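In what follows, every heavy atom counts, from backbone to side chain, and hydrogens, waters and symmetry copies are set aside. We count ligands from 1, going down the list as the structure has it; atoms in each ligand are counted the same way. Values in this document were obtained by computation on a predicted structure and should not be read as measured data.
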Amino acid sequence: MNAQTPTSPAHPADASTAQPDARSGDTPAAPVIRVAVLGAAGRMGSTTCAAIEAAPDLELVARVDDGDDLAAVLAGSGAQVAVDFTVPSVTEANVHALIDAGVHAVVGTTGWTDESRARLREHLARRAAEGVEVGVLIAPNFGLSAVLAMTFAAKAARYFESAEVVELHHPTKVDAPSGTATHTATAIARARREAGLGPSPDATEQGWEARGADVDGVRVHAVRLRGLVAHEEILLGNEGEQLVIRQDSFDRVSFMPGVLLGVREVASRPGLTVGLENVMDLS
Ligand SMILES: NC(=O)C1=CN([C@@H]2O[C@H](COP(=O)(O)OP(=O)(O)OC[C@H]3O[C@@H](n4cnc5c(N)ncnc54)[C@H](OP(=O)(O)O)[C@@H]3O)[C@@H](O)[C@H]2O)C=CC1
Ligand SMILES: O=C(O)C1=N[C@H](C(=O)O)C[C@H](O)C1
């Protein structure tokens, strides 16, 4: 653990603190948000720490790693918002601890299910009834190209007989299919149901293992390849035509504008928000 700066205790209603204006000395400048990063030593965590340190309106107050006492770090650092880029097996417990501490959460870690999201909603409602309003934003993907690709795919899905998703990632990724592909396939499935479409045509009788995972009736294929970062292709087909929507994150910096947007917005959105498209007003 590295609690960077000892500051005042966290308070959920106190989303930011005014900084003195360096130019005049008396005019309040943009407020500063105190941010903790969970999984700070990881690929996304370290990129996030650098992005926060470079943002004039944000202050990195704690780097939390495996084995640290999260509650103690939160109390000691005065974090108002925490960003979680850890691992699927610990992220839910982390977010419950953040809600207990009254710290808003921006979560990029994968592994969330309907059941774990329901537990968060219940916890958030309990805290709200106690007078503590906490915002949690879970975003399967913070990349602008990915959020737009998911949004376009959901809009296009109703017009096509067939839909399949291919996600392609670095070989050190521990989960498959990706959270992004699961979110995409779920949105496509919802749009297809609303349009009264049945299953995509598929005459497969044997060799189902080659047809990818079934996510809400949509086939999702996962590729792991050295050299890749994070990529997704949505294939939509009709007789005689095809639409391919593709996005590529070549570098983890592509996720940072979305992460910082989440950090700046989460306090003003009490309760659970799933998907950056809701914060970007794309939904
Ligand atoms: N939403 C989005 O836009 C994106 C989401 N992701 C997701 O983010 C997650 C992290 O990805 P990535 O950074 O590549 O993975 P890494 O494995 O590089 O990082 C995870 C880090 O979390 C640490 N960690 C494990 N347990 C804890 C704990 N209890 N408390 C604090 N830290 C802990 C790990 O430490 P140690 O190694 O010592 O166990 C590691 O440093 C994944 O679920 C991934 O799918 C990734 C990219 C973008
Ligand atoms: O592990 C990754 O790298 C990524 N994980 C997220 C996911 O599973 O969708 C987001 C992005 O694809 C990168």
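Contacts between E232 and ligand 2, counted as non-hydrogen atom pairs separated by less than 4.0 Å, are absent for every part of the residue. The residue A40 has no part lying near ligand 1, judged by heavy-atom distances below 4.0 Å. Both the backbone and the side chain of S178 come within 4.0 Å of ligand 2, counting heavy atoms alone. The proximity of F255 to ligand 1, defined as any non-hydrogen pair under 4.0 Å, is limited to the side chain. The proximity of R43 to ligand 2, defined as any non-hydrogen pair under 4.0 Å, does not occur for either the backbone or the side chain. Heavy atoms of T86 found under 4.0 angstrom from ligand 1 belong to the backbone as well as the side chain.
Annotation: K173 places an N or O atom under 3.5 Å from an N or O atom of ligand 1; distance criterion only. Note: an N/O pair closer than 3.5 Å links G42 and ligand 1 by distance alone. Where the criterion is an N or O separation shorter than 3.5 Å, residue side chain and backbone included, R43 meets it with respect to ligand 1. Between K173 and ligand 2, an N or O atom pair is found at a separation short of 3.5 Å. No N or O atom of T110 sits closer than 3.5 Å to an N or O atom of ligand 2. Here's the thing with F255: none of its N/O atoms is less than 3.5 angstrom from an N/O atom of ligand 2.
Below 4.0 Å from some heavy atom of N141 lie the following atoms of ligand 2, by number and element: 10 (C), 11 (C), 12 (O). Counting the atoms of ligand 2 from 1 in the order shown, those under 4.0 Å from a heavy atom of A230 are 11 (C), 12 (O), 13 (C). Distances below 4.0 Å separate heavy atoms of D65 from the following atoms of ligand 1: 30 (N), 31 (C), 32 (N). Using a 4.0 Å cut-off to heavy atoms of M44, the atoms of ligand 1 that qualify are 13 (O), 46 (C), 47 (C), 48 (C).
When all heavy atoms of A55 and R264 are compared, the pair lying nearest together is CB-NH2, 3.8 Å. For T109 against V87, the heavy-atom pair with the smallest separation is CG2-C, 3.4 Å. In terms of heavy atoms, L120 sits closest to L272 at CD1-CD1, 4.2 Å. For the pair D65 and A41, the tightest heavy-atom approach, listed with the atom from each and the gap, is OD1-N, 2.8 Å.
In this structure, H170 has no heavy atom closer than 4.0 Å to ligand 1. At least one heavy atom of A41 sits less than 4.0 Å from an atom of ligand 1. Using a 4.0 Å cutoff on heavy atoms, P140 counts as a contact of ligand 1.
Put simply, the side chain of D202 reaches to within 4.5 Å of the side chain of R211, judged on heavy atoms.
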- request: List the steps, then state whether side chain to side chain contact (heavy atoms under 4.5 Å, CB included) holds for V64 with L70.
  value: CA-CA 7 Å; V64 184; L70 178 56; 4.2 Å; yes
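Counting protein heavy atoms under 4.0 angstrom from atom 7 (C) of ligand 1 gives one or more.
Residue E241 places its CD atom among more than 12 non-hydrogen atoms of other residues, nucleotides or ligands, all under 6.0 Å distant. When the shell of 6.0 Å around CZ of R117 is examined, it contains more than 12 heavy atoms from other residues, nucleotides or ligands.
Closest to atom 9 (O) of ligand 2, if we only count protein heavy atoms, is T180 OG1, 2.5 Å. Of all protein heavy atoms, the one lying nearest to atom 12 (O) of ligand 2 is H169 NE2, 2.6 Å. Annotation: atom 7 (C) of ligand 2 to nearest protein heavy atom, G179 N, 3.4 Å.
The existence of a salt bridge linking E130 and R127 is confirmed by a sub-4.0 Å separation between a basic side-chain nitrogen and an acidic carboxylate oxygen. Salt-bridge check for D216 with R193: passed, with a basic side-chain N closer than 4.0 Å to an acidic carboxylate O.
Closest heavy-atom approach to atom 6 (C) of ligand 2 among the candidates P140, G42, A176: P140. The residue among A146, P88, G39, G108 with a heavy atom at the shortest distance from atom 5 (C) of ligand 1 is G108. Summarising the contacts of atom 39 (O) of ligand 1 with D66, N141, D175, L38, the nearest heavy atom is found in D66.
Of the residues listed (V107, V106, V259), the one engaging F85 in a side-chain contact (heavy atoms from CB on, under 4.5 Å) is V259, and it is the only one.
A donor-acceptor pair shorter than 3.5 Å can be found between the side chains of H169 and E167. Side-chain N/O atoms of T110 and D175 include a donor and acceptor closer than 3.5 Å.
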